[in-house]
Each structure stands twice: as C-alpha cells, then as structure tokens.
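See below for the structure under consideration.
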There are 2 protein chains.
Amino acid sequence: MSSFLPTEKRLAVTRRRHPAFPRGSAVLVRLVKHLHKRVHDEANAALKPFGLNHPQYNLLMMLYGTDGDGLNPSQLAEAAGEKAANITRLTNELCEKGLIERAASEDDRRKLVLSLTPAGLALIERLLPSICALLDEQTRGLAAPEQAELERLLKKFLDGFDRRA
Amino acid sequence: MSSFLPTEKRLAVTRRRHPAFPRGSAVLVRLVKHLHKRVHDEANAALKPFGLNHPQYNLLMMLYGTDGDGLNPSQLAEAAGEKAANITRLTNELCEKGLIERAASEDDRRKLVLSLTPAGLALIERLLPSICALLDEQTRGLAAPEQAELERLLKKFLDGFDRRA
DNA sequence: GCTATTTAATACATAAATATACTATAGCCG
DNA sequence: CGGCTATAGTATATTTATGTATTAAATAGC
C-alpha cells in the first residue's frame with residue numbers, strides 16, 4: 001500500500017473545494033517532497049556510523065567528484081545546493097574532523113580553496129560501499145529503462161525552473 | 001543551460017574513481033534534491049506576502065483537503081511529512097494567528113482535533129490563486145502526458161521506499 | 001478491576017539553517 | 001593613481017527543526 005494515497009485523497013477534496021487547483025502539478029510537487037524526505041532520512045541513517053550527516057557527506061562527495069585542486073566555498077555552496085552561510089559552518093565541522101582543508105587561493109586573496117585531506121579521501125572510500133548499496137536498493141523498484149525515463153523527465157522538470165530563474 | 005550539468009560532470013568523475021558507484025541512482029537522488037530545493041524556495045517566496053512559510057501552508061492545506069472535522073496532530077504530522085515535535089510548534093504559530101483551532105476529541109481524551117477557523121479558510125481562499133499560478137508555472141515545461149508519466153514513475157520510485165520500510 | 005504497556009501530545013534542550021551585517025580584496029573607471 | 005562598487009568569505013543573531021524526556025490517558029492482560 002502506498003504512503004501517498006492519503007495525499008491523493010486530500011488533493012481530490014481540495015479540487016472539489018477549489019476547482020482551479022492544478023491537481024497534476026500539486027501531485028508532482030508533493031511526490032518530490034515525500035521522496036526527498038525518504039532519501040534524506042535514509043542517507044542520514046546510513047551515514048551515522050561514519051560520524052557524518054547528509055549535508056556533510058554531500059560536501060565531501062562534491063570535492064571527491066571534482067578534478068583538480070578543489071573548490072571555493074561559493075562553488076561548493078552552488079554544487080551542494082546549500083546557502084553560502086551554511087558552508088562556513090559545515091566546512092568548519094569537516095575541517096575540525098580533519099577531512100578537508102582550507103588553503104588560500106593563489107590568484108585571488110579573497111578566495112579559499114577547499115580540498116579533501118588523505119583522511120577525508122580514506123573516509124569516502126570506506127563509506128562508499130554502504131552508500132552504493134543504499135542507492136542501488138532505493139532504485140531497485142525501477143527497471144533500467146524506467147530509471148532512464150524518470151531521469152529525462154526530472155531533468156525537463158528542473159529545466160523549467162532554470163528557464164524562469 | 002541546465003543547472004544540473006555540473007552535477008553530472010561530478011558524477012562522471014566519481015564513477016571514474018569508484019567504478020561501483022551507481023550513476024543512475026545517484027542522478028535520480030540528486031535531481032530530487034535539486035527539485036525539492038527549488039520548489040521549497042519558490043513556495044516560500046510566494047507565501048511570504050501572506051505571512052506564511054511553506055510548512056505552515058502545508059499544514060493548512062492538509063486541513064483544507066480533509067473532509068469532516070479535522071485532524072489530530074499526529075495525523076497532521078504524517079500527512080505533512082513533519083516530525084511530531086514540529087507539529088506542536090507549527091500549530092501553535094497557526095493558533096496564535098487565529099487560523100486554526102484546537103478542540104478536545106470526543107472519543108479519546110488524549111487526542112486533539114485541529115481544524116481551520118473561518119479566518120484560516122479565508123486566508124487559504126485568498127492565497128490559492130497565487131499558489132495555483134505558481135504550480136502551473138512550475139510544471140509548464142512538461143506536456144500533459146509527460147506529467148502523467150512522471151507522476152507514475154515517481155510513485156513507483158516512492159513505492160520502493162514504502163516496501164522496504 | 002487493577003497493574004503494565006502503548007499511545008498522544010507536548011516541553012525542553014540541542015542542533016541546524018537562515019538572514020543580516022561586516023571585513024577584506026578585487027576590478028573598474030574617472 | 002584614488003575612490004567607487006562588486007565580490008568572497010565569515011561572524012553573529014535569529015529562526016527553524018530535531019531528539020529526548022515527560023505527562024496524561026487509553027488499552028491489554030491477567
């Protein structure tokens with residue numbers, strides 16, 4: 001039984017009371033919200049044994065996925081979808097754990113370069129098996145072509161936001 | 001240009017460093033995260049003129065979408081995807097604004113029934129035009145059949161979580 | 001019909017996220 | 001140059017969310 005059924009019932013009632021309410025759009029938005037919550041919660045649980053939370057993990061993975069020296073705090077904010085002010089706190093935490101390090105930028109003294117330390121890299125390699133298993137499990141209900149189609153449609157959905165921004 | 005391209009580049013690098021990393025699953029998860037952020041931020045901006053934030057709006061809409069008397073705090077938590085402890089604070093705020101009210105439940109004196117006040121109903125009717133416009137705009141990039149297909153796939157995606165929970 | 005366990009709701013302490021304001025550097029243009 | 005504006009990063013205060021413990025009432029098992 002789907003956890004989403006009650007939501008659909010509510011949308012039906014809403015539409016009855018306010019006929020202009022766009023059911024389809026609202027369903028999509030609420031599905032995204034529900035999915036995000038599930039993904040976030042499960043990731044947090046999987047990361048807890050490694051002493052990380054989901055935002056911290058995301059930052060580490062952004063650095064892991066970057067060729068070259070590293071990223072500035074503002075690039076990292078953009079990459080991870082965090083507000084700039086949040087990056088300071090999160091990177092402080094990661095620095096204190098010795099997982100990343102700050103270095104002054106060569107060409108612009110306002111900038112910093114954040115990069116993984118060997119310890120940070122080692123932690124990532126240690127936790128990736130768990131994360132890969134979790135990701136595989138989370139999408140196991142979707143056949144490969146469905147995953148591809150879902151990816152295509154989500155990208156198109158996201159493009160709509162970019163276009164208006 | 002898509003805001004998602006940098007993410008895809010990073011996933012490619014990640015996969016090179018750690019070949020077992022499931023690219024497809026990770027893309028879906030990150031797309032959900034990006035979309036959630038956009039939806040949430042735009043909703044907050046649209047609601048600000050009405051003195052509400054997104055969680056508060058969600059609670060009101062859950063009540064608006066419910067036939068009958070109202071909901072208990074715990075039902076509301078489930079419906080809105082909020083933790084129970086959060087509901088107390090959020091409903092306090094809405095009570096203070098006079099938008100909802102608490103009543104003792106008839107059949108179980110541990111329970112409360114939360115319901116919209118006339119003022120709450122009036123506020124909803126007043127803000128729905130803005131919200132409907134926003135929802136329509138957010139999904140305008142998707143043709144109707146694409147929306148339907150996306151809805152189907154997202155539900156299937158979500159079902160996978162329910163099944164394992 | 002009494003105790004033992006569950007459940008509903010909340011209070012309180014803690015943690016996380018956000019908005020705002022501030023410092024330092026860079027780049028521009030007269 | 002010298003002053004103006006824009007940008008990078010962070011510190012601080014405030015708001016928002018979460019985890020844990022507490023209170024009260026209902027249910028279950030004897």
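We use all heavy atoms of the structure for the numbers below, so side chains are in, but hydrogens, waters and symmetry mates are not. Naming convention: chains lettered A, B, ... in sequence-line order (proteins, then strands); numbering from 1 in each chain.
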Under the salt bridge (charged side-chain N to carboxylate O under 4.0 Å, His left out) test, residues paired with Lys111(A) that sit two or more places apart: none

Rounded distance in Å - CG (Asn72(B)) to C1' (dA24(D)): 16 Å

Residues, nucleotides or ligands: over 12 heavy atoms within 6.0 Å of Asp69(A) CG: no

Whole angstrom value for the distance that separates P of dA19(C) from CG of Asn53(B): 12 Å

Verdict with reasoning, Gln138(A) to Ser25(B), per side chain to side chain contact (heavy atoms under 4.5 Å, CB included): CA-CA 8 Å; Gln138(A) 285 174 338; Ser25(B) 310; over 6 Å; no

ring-ring contact (aromatic ring centres under 6.0 Å, His included), paired with His36(A), selected from His36(B), His34(B), His40(B): His36(B)

Rounded distance in Å - NZ (Lys83(B)) to P (dA8(C)): 17 Å

Closest-nucleotide ordering on DNA chain D, the 5'-leading residue of Lys111(A) and Pro55(B): Lys111(A)

Inter-axis angle, terminal five-pair segments of the helix from dG1(C)-dC30(D) to dG30(C)-dC1(D) [nearest 10°]: 20°

First encountered from the 5' end of DNA chain D, between Ser74(A) and Asp107(B): Ser74(A)

Glu93(A) and Lys97(A) ion-paired at < 4.0 Å: no

Phosphate OP1/OP2 of dA26(D): any Arg109(B) side-chain N/O under 4.0 Å: yes

Glu146(A) atom CD, neighbour heavy-atom count above 12 within 6.0 Å: yes

Residue whose nearest DNA chain C nucleotide is more 5′ - Leu90(A) or Lys48(B): Leu90(A)

Distance, rounded to the nearest Å, where Asn44(A) contributes CG and dA16(C) contributes C1': 11 Å

Nearest-angstrom distance from the residue atom CG of Leu76(A) to P of dA8(D): 14 Å

Value in whole Å for how far the P atom of dT16(D) lies from CG of Asn92(B): 13 Å

Arg89(B) side chain, from C-beta outward: closest of dA8(D), dA11(C), dA17(D): dA17(D)

Atom-to-atom span, CD1 of Ile87(A) to P of dA19(C) - whole angstrom: 14 Å

Interatomic distance, Glu78(B) CD vs dA8(C) P [rounded to whole Å]: 12 Å

Glu125(A) and Arg17(B) ion-paired at < 4.0 Å: no

Pairs under 3.5 Å (N/O, protein and nucleotides 4-7 of chain D):
| unit_1 | atom_1 | unit_2 | atom_2 | d |
| --- | --- | --- | --- | --- |
| dT7(D) | O2 | Arg110(A) | NH1 | 2.9 |

Donor on one side chain, acceptor on other, Asn86(A) and Arg89(A), under 3.5 Å: yes

Salt bridge Arg152(A)-Glu149(B), side-chain N to carboxylate O under 4.0 Å: no

Residue Asn44(A) excluded, over 12 heavy atoms near CG under 6.0 Å: yes

Sugar-phosphate only, base, or nothing, as touched by Asp108(A) at under 4.0 Å among non-hydrogen atoms: sugar-phosphate

Touch class at under 4.0 angstrom, heavy-atom based, for Leu112(B) against every strand present: sugar-phosphate

Which nucleotide in dG9(D), dT20(D), dA9(C) has an atom nearest any side-chain atom of Pro73(B): dA9(C)

Touch class at under 4.0 angstrom, heavy-atom based, for Thr88(A) against every strand present: base

